[in-house]
Amino acid sequence: MSKEYNHKQIEEQWQQFWADNEIYKVKEDTSKPKYYVLDMFPYPSGAGLHVGHPLGYIASDIYSRYKRLKGFNVLHPMGYDAFGLPAEQYAIQTGQHPAITTDVNIKRYREQLDKIGFSYDWSREVRTSNPDYYKWTQWIFIKLFHSWYNPKTDKAEPIETLVKIFEKKGFHGVDDTILNGGIEMDFVTFSGNEWKQFSEEKKQKILLGFRLAYLSDTYVNWCPALGTVLSNDEIKDGVSERGGHSVERKLMKQWSLKITAYAERLLQDLNYLDWTDSIKEAQRNWIGKSIGSSIEFIVQNSTLSIEVFTTRPDTIFGVSFIAIAPEHEMLSELVDPDFIDDVAAYVDEAKNRSERERQADVKRISGQFTGRYVIHPFTGNEIPIWVADYVLAGYGTGAVMGVAAHDTRDFAFAKHFNLPIPQVVKPTTPESEVETLHATSLQEAFDAKDGILVNSSFLNGLSVKDAIKRAIEEIEKRGIGKGKTNYRLRDAIFGRQRYWGEPIPVYYKDGLPYTIDESELPLILPEVDKYLPTEDGEPPLARANNWKYQGKYEYELSTMPGWAGSSWYFLRYMDNKNTEEFVGNVAKDYWKQVDLYIGGSEHATGHLLYVRFWTKFLYDMGLIPMKEPAKKLINQGMIQGLTNYLHTGIETNNQFEIIGWNDNIQGSDNELGRGKVKIDDVIYEISDKNAQWLVPIEFTDGKGRLYKDNFDSFISFSQFKTNLRRLYGNEEKKPDRFNWILDGERRYLVLKQEVEKMSKSKYNVVTPDDIIEEYGADTLRLYEMFLGPLEQSKPWSTQGIEGVHRFLKKLWRLFYNDNALLVNSEEPSKQELKALHKLIKKVGEDIENFSFNTSVPAFMICVNELSDLKCNKREILSDLLVCLSPYAPHITEELWQNALGNTCSIVTAAFPSFNSDYLVESSFSYPISINGKHRENIEFTLEANPADIESIVLANETVQKWLEGKAPKKVIFVKGKIVNIVV
RNA sequence: GCCCGGAUGGCGGAAUUGGUAGACGCGCUGGUCUCAAACACCAGUGAGCUCACCCUCGUGCCGGUUCGACCCCGGCUCCGGGUACCA
């Protein structure tokens, strides 16, 4: 039994042991309380895991192991979100089937995950690209298709209940609907009898508009480079999140899911979730509820009217123009003949401006007068109608009433086009400069809701709040509008014109979509010769040979988006082998919802909203017993990478001229030749994050690279910190990247470090494998926790990892010394028990509070104390190992079984119970403060009488000195805390 | 612009939530062991001063509440993240 701490051998051995003995396998077991810990679904990318990924996994693993030790039956599964764009892009480039790429990537992920020693029950693994899995994704889609949202019962119902309503009462327009998202549909009204007379085709067309999964013409985010549409949350900064390609607006027939029907419930139920405030806030903003009113404006000399939505109906008397979106459906009807050309030109221009240009250019004001007017419903005045691209077609009614004085954008628009800016709200703030009602003097719009209405007929003198109420009353009384709530949330576009996704289980008959029968699921993704669109621009599935329903009907050719499979995966883990149901009753009634969900905040408005939506839908259908997927949610911070930027250059005329880079400097991304450097080629342990250095070229290898060896000599050469000061004059001032003052005629290399997201393209990726190779998984696990609070983002640095590794070696030495086993069965001393129970208390509290970082020092302190006490006692060490085992499962398992001689796994142990008796102190060393400043410490028993303490403290030499003979004004005594003397 | 976070030694970060600021680790300095290294161990390490004592200053800045403030309140500055013509 040779015994040195050999992390490699130990970790491999126990990982094998756990796997062989299925230690982490869980079953539904009603004799124990359940606990469900879920990690966010990883997409298995080709790059593998970097050190940032496991941060959350380690935390959840610690929590799972802890809960298990506490007697819970813990479900802790892992799987793969295996459909997705990168594998398909790779397939397009190489011709390799995305399934193969995905498989290879998953293997690599699995190897990496295994090496970290996670306690996943791998028998429950799911892959969204597996037909056994996507069969049920398709099944849920079919359920969505055959459902509608009943606003009366406020839940989803089978479409048959809608048909019954139509048969009985017909349909009477918008009042009956819950259509409130980006998709507005025109429905004719009809009676029950008329409905019965309608042809099947007409009935289906009408029903389609009400289904939760529906097909409609809608403006979508079309990404030409990816050849697909994208949903709003897949676009960041106006470009595609994957790949950064430009996106344009396009009208297309698309599958959508009616998430907007759930807007209010998604919003309200946030209040009952134990999620971080930032995520809840992000969801609230994304849902974007605003309460206001619709108002109808009659178009002069016509039967048309324009409906607007406003949150400020109180400002109705301040309307000086109406602005409608370029895509507004009524536009063509209401343009004055003299203006047709101008309007057409404007609309054309506005439509062709890409989404990105629009966003990059929000300050540009543009618009076009239509030549027509509406009549103000209260004053009868003429109000001009404009087309303006600051009005969004998809929000509200696609038209706004322009209240120039009280809305920033309306104000800017009015100013630009010299429209009147009538003021109707007077600020209540006394020192206001906006006293005057002359519009020309207004410098900016007064948007605030604290003010008094003026120039507004029956609203005069009312506060904004009261005026809003009053205005809605009046608007409703006159039948020109009504109080209305709008949501920013849009329906989710559900089709992707791509290959690598779940086929939508729909075929077309007479141009109408029908779902295939549930018994025919799964609809298998067919093979295709190429993963590209066809020549006529059809999605890749059009390439599949003889792929027709019943040999004659066309299948839907688009596939589901990446988030389809991830919207319900937490359910499948409960019962992943079930071939009869998406999840069986026993499993779902036992596991219910996720108790703890750990993942990145980047999913705040995408995945986390969709999974809540699907959960609510499945609940409405009576298919699952819970309304929310996850009770508690924690976001782990991002571990960023340090990127080294290198520039070679030469000084000419006091300018630093970049003369180029070489093949190790990748991806120049601007004209100045900013390049990125492969991280292994240069030193990266540089402590000053913001520092930039000029490195004489002789320290490089002649190819622009600065190696470790040379870096050391460079540092001793230049004493770079002094150098830095000399170059900038003053180190407080951070220079711009290219603004250099150089001396001499030498060639230099500029090195700069930046903290950025870890990514392959930035050459700043650190993988867990390297760390595990050198220090072991236990060290990695402890170190990732030791880095700081879980939620905080931080750059990866290995500074300090040695300390954690040393701690494990020190722990080892409590058990072994030069191959000799030191463990004995002596009775523990009071001090030893105290050290142990301090730890038990701390670790338990820390884990319950998800404060994993603070446990690590507690372990260190405990081991330090036990080392100082030369404690090798079984009773103490045994509990210590169990406490530590969630963090460092391998070393503790090794010592548990081989040093302590246990025959069962430490995983099956029980977390030691904390006994406060061991921590009871009989005395306390009171800090003695004079005027709040700590001056002295005096030890007293805790039972000591405050009066006695006071007299002893006042007699103390140090205290006497500070009193300078004066009597203290006041003495504050807090038992067990402090004594403060006020002089 | 708006919405969330955050700011503590040379570095990562602690501080029982109003009670001894800087735990623990890294780094650094000195020492022990060694032929030497590695490992390990011991001591010191916020800044300043007339440097082991003493004292002064010290948790981004300004002000307030309090016997007492990293913590609470008011007003800023900077950094990170999210989001944006949403009427």
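To find a chain, count down the sequence lines: A is the first, B the second, and so on, and within it residues start at 1. Being a predicted model, the structure only gives us computed values, none of them experimental.
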When syn is taken as a glycosidic angle within 90 degrees of 0, is B:rC51 syn or anti?
syn
Regarding B:rC41, can its base be found pairing with the side chain of A:R813 as donor and acceptor, where the two atoms are less than 3.5 Å apart?
no
Determine the Euclidean distance between corresponding P atoms of B:rA87 and B:rA15; express it in Å to zero decimal places.
41 Å
Could you give the distance separating B:rC55 and B:rA7 at their P atoms, to the nearest angstrom?
31 Å
Atom CG of A:N285 to atom P of B:rG1: distance rounded to whole Å?
17 Å
Checking all strands, does A:V974 fall into the base, sugar-phosphate, or nothing category for heavy-atom contacts under 4.0 angstrom?
base
What is the separation between atom NZ on A:K289 and atom P on B:rA87, rounded to the nearest whole Å?
13 Å
Looking for any heavy atom pair under 4.0 Å, which part of the strands does A:D277 touch: base, sugar-phosphate only, or nothing?
nothing
Could you tell me the separation between the NZ atom of A:K977 and the P atom of B:rU20, rounded to a whole number of Å?
8 Å
A:L787, nearest nucleotide to its side chain (from B:rC41, B:rG68, B:rG12)
B:rG12
Hey, does A:N853 reach any base, or is it just sugar-phosphate, or nothing, if we go heavy atoms under 4.0 Å?
sugar-phosphate
Whole-Å distance separating the CE atom of A:M401 from the C1' atom of B:rA87
9 Å
Have a look at B:rG9 and give me syn or anti from its glycosidic angle (syn if within 90° of zero).
syn
Between A:T260 and A:Y487, do the side chains contain an N or O donor and an N or O acceptor separated by less than 3.5 Å?
no
